[in-house]
Amino acid sequence: MEKPSQVTINSDGTLNVPDYPEIPFIEGDGIGPDIWRATRLVLDRAVTAAFGGARAIQWIEILAGEKAHARTGQWLPEETLAAIESHVIAIKGPLTTPIGEGMRSLNVAIRQKLDLYACVRPVRYIDPVPSPMRSPEKIDMVVFRENTEDLYAGIEWASGSEEAEALSEFLKTRMGAVLPDGAGIGIKPMSAKNTKRLVARAIAYALDHGLPSVTLMHKGNIMKFTEGAFNRWGYEVAKERFGDRTLTEAELYDRYDGTAPEGKVVIKDRIADMLFQQVLLRPEEYSVIACPNLNGDYLSDALAAQVGGLGMAPGANLSDKAAVFEATHGTAPKYAGLDKVNPSSLILSGAMMLDHMGWQPAAEQIRRALQTTVRAGTVTYDLARQIPGAREVSCSAFAEAVAENMGR
């Protein structure tokens, strides 16, 4: 076997992935160790099934969360961030948010410190996972959620604080705002730069995957200079960077009688509350959705619920220089160490990682094997209690079953 080496980025932004890349992992807190062991087994088996011994991942553990704090006194060591930057790709389990100390959220801190501006959440139904929908198979969407601004920038001051009172006075006297006395105040920044790079990434994804549309989700009818600006900037970047390969919904009907020419992506927009209704009633009309942070937070979880919950939902956080793939659910500490929970979210996030590396045959091995395993009724407790005739297995046994179904 060749000496392991790191993934690098070429001058054109594409990845150079060696056959034996070093990939850092963060085990995670709570159920993190259980689901990481399961995921590692599946990923390694998928790479072997797809490439024989010609390729393999060399795993490197890096620390964050409770294990990092116990060993180093830090929740998120600088060495961890440096390792992700230098290795370009990493994968992580769920992390505990420190209570009463440290940063507000380790997940948010990693995204902000590494400028992981795009949270990418594909949502797709896996039969026969229980769903509240009549036709969950119609749900096949990818949410691109802006990660660095909006309310998640965390700019706020507590009710009654000196800062809140000073800002309130400024807003009332200088800006003519009407505020309740003693209000807590938060600021919701949105910028053209950050919006455009997020929407451009969503459009590029749609073009690369042959998807028909990108929908801009916003509340611009009320918040005209933030959410409304997000919508306007989205259309602008579509024209500026993809003008010959995109068209607006109005152009679709005015020029093409509602049928898009081959190779064109339709850019459309929907008010946030309307879109929540439409992904329930007409999900087949949406493929890629680009949205500000808070809208994307709500929508991606709501979509996950339509296909069986966060346990089946993968996710990634991407910048132009690094990518972190992660489970989308929490740490579930009461199940820690019980080898009980469903590892599918992290397993499917690992498949996304393999896609990102250009190792699609291995990623497809995972998706097919996981589908085969669930369809056979071999599932963890969360699904077994909802699927008649299912065989309940442990977290590790589920991973072993998925691995055994590779190549079938």
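Positions are given from 1, in the same order as the sequence printed here.
Closest non-hydrogen pair, V341 versus T380, comes out as O-CG2, 3.7 Å. When every heavy atom of L76 is checked against every heavy atom of A64, the shortest pair comes out as CD1-CB, 4.0 Å. The heavy-atom pair separating K321 from V88 by the smallest distance is O-CG1, 3.8 Å. The shortest non-hydrogen separation linking L116 to I110 is CD1-O, 3.9 Å. Considering all non-hydrogen atoms of both residues, S86 and Q6 come closest at O-NE2, 2.8 Å. L95 approaches G28 most closely through the heavy-atom pair CD2-CA, 3.9 Å.
When side chains are defined from C-beta on, V288 counts as touching Y205, because their heavy atoms get closer than 4.5 Å. Side-chain contact check for R241 versus E236: every heavy-atom pair is 4.5 Å or farther apart. Residues M312 and L383 meet the side-chain proximity criterion, which asks for heavy atoms closer than 4.5 Å. Side chains of C119 and F144 form no contact here, defined as non-hydrogen atoms less than 4.5 Å apart. Side-chain atoms of V47 and L43, non-hydrogen and from C-beta on, never get closer than 4.5 Å to each other. With a 4.5 Å cut-off on side-chain heavy atoms, L15 and I89 count as touching. A 4.5 Å side-chain heavy-atom check between E61 and P24 finds every atom pair outside the cut-off. For the pair M217 and F276, the minimum side-chain heavy-atom distance is below 4.5 Å.
Side chain of S131 to main chain of P136: no donor-acceptor pair is present (N/O by atom type, distance under 3.5 Å, no hydrogens or angles). The backbone N or O of D12 sits nowhere less than 3.5 Å from a side-chain atom of N10 that would complete a donor-acceptor pair. Between the side chain of D19 and the main chain of R55, no donor-acceptor pair closer than 3.5 Å is present. Judged purely by atom type and a 3.5 angstrom limit, S161 has no side-chain atom pairing as donor or acceptor with the backbone of W157. With hydrogens and angles disregarded, a donor-acceptor distance shorter than 3.5 Å links the side chain of Q386 to the backbone of D382. E251 places a side-chain N or O within donor-acceptor distance of the main-chain N or O of T248, the cut-off being under 3.5 Å. Between the side chain of S287 and the main chain of S213, a donor-acceptor pair closer than 3.5 Å is present. Looking at S345, its side chain does come within 3.5 Å of a backbone N or O of A313 through a donor-acceptor pair. A donor-acceptor contact shorter than 3.5 Å links the side chain of H87 to the backbone of A83. Judged purely by atom type and a 3.5 angstrom limit, Y125 uses its side chain to pair as donor or acceptor with the backbone of V129.
The pair R37-D34 counts as a salt bridge, with a side-chain nitrogen and a carboxylate oxygen less than 4.0 angstrom apart. A salt bridge links R111 to E326: one of the charged nitrogens lies within less than 4.0 Å of a carboxylate oxygen. Salt-bridge formation is not detected for the pair K92/E27: no Lys NZ or Arg NE/NH1/NH2 atom is positioned less than 4.0 Å from an Asp or Glu carboxylate oxygen. With respect to the salt-bridge test (charged N to carboxylate O, under 4.0 angstrom), the residues D355 and R367 qualify. Between K188 and E227 there is a salt bridge, since at least one side-chain N of the basic residue sits less than 4.0 Å from a carboxylate O of the acidic one. Remark: D320 engages R201 in a salt bridge, criterion side-chain N to carboxylate O under 4.0 Å. With respect to the salt-bridge test (charged N to carboxylate O, under 4.0 angstrom), the residues E66 and R71 do not qualify.
Distance CG/L252 to CD1/I267: 11.5 Å, rounded to 0.5 Å. Here the straight-line distance linking atom CG of N293 with atom CZ of F230 works out to 10.0 Å at 0.5 Å rounding. Distance OG/S135 to CD/Q306: 11.5 Å, rounded to 0.5 Å. Here S349 contributes atom OG and L354 contributes atom CG; the two are 11.0 Å apart, rounded to the nearest 0.5 Å. The NE2 atom of H218 sits 12.0 Å away from the OG1 atom of T195 when rounded to the nearest 0.5 Å. Between the CD1 atom in I35 and the CG atom in L346 there is a gap of 4.5 Å [rounded to 0.5 Å].
With 3.5 Å as the limit, one finds a donor-acceptor pair spanning the side chains of Y235 and D269. If you check the side chains of T8 and N16, you find a donor sitting under 3.5 Å from an acceptor. For the residue pair S319 and D115, no side-chain donor N or O sits within less than 3.5 Å of a side-chain acceptor on the partner. Inspection of the Y381 and N342 side chains reveals no N or O donor paired with an N or O acceptor under 3.5 Å. Of the N and O atoms on the side chains of T331 and D29, not one donor lies less than 3.5 Å from an acceptor on the other residue.
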Intermediate values then yes/no, salt bridge (Lys or Arg N to Asp or Glu O under 4.0 Å), D244 and K264: CA-CA 8 Å; D244 59 338; K264 296 272 191 179; over 6 Å; no
Audit row: D150, M190, side-chain contact (heavy atoms from CB on, under 4.5 Å) steps and yes/no: CA-CA 6 Å; D150 193 8; M190 290 192 189; 3.6 Å; yes
Test side-chain contact (heavy atoms from CB on, under 4.5 Å) applied to L167 and I187, step by step: CA-CA 11 Å; L167 183 54; I187 293 179; 4.3 Å; yes
C395/K340 under side-chain contact (heavy atoms from CB on, under 4.5 Å): CA gap, chis, key distance, verdict: CA-CA 5 Å; C395 174; K340 185 178 180 69; 6.0 Å; no
I23 and W59: CA distance, side-chain angles, deciding distance, side-chain contact (heavy atoms from CB on, under 4.5 Å) verdict: CA-CA 5 Å; I23 302 293; W59 299 105; 3.7 Å; yes
Working for salt bridge (Lys or Arg N to Asp or Glu O under 4.0 Å), residues E146 and K196: CA-CA 10 Å; E146 208 288 322; K196 286 185 175 184; over 6 Å; no
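Taking F242 as the reference, nothing meets the ring pair (Phe, Tyr, Trp, His ring centres under 6.0 Å) condition, with sequence neighbours excluded. Every salt bridge (charged side-chain N to carboxylate O under 4.0 Å, His left out) that D127 has, sequence neighbours left out, goes to R375.
Checked against the 6.0 Å centroid criterion, the rings of F25 and F325 do not qualify as a close aromatic pair.
For K239, the NZ atom counts as loosely surrounded, since its 6.0 Å shell holds 12 or fewer non-hydrogen atoms of other residues, nucleotides or ligands. Within a 6.0 Å sphere centred on CG of D257, other residues, nucleotides and ligands contribute 12 heavy atoms or fewer. Surrounding CZ of R232 are more than 12 heavy atoms belonging to other residues, nucleotides or ligands, all under 6.0 Å away.
Each salt bridge (Lys or Arg N to Asp or Glu O under 4.0 Å) pair with one or both residues in residues 297-309, not counting sequence neighbours, appears once here: R121-D301, R145-D297.
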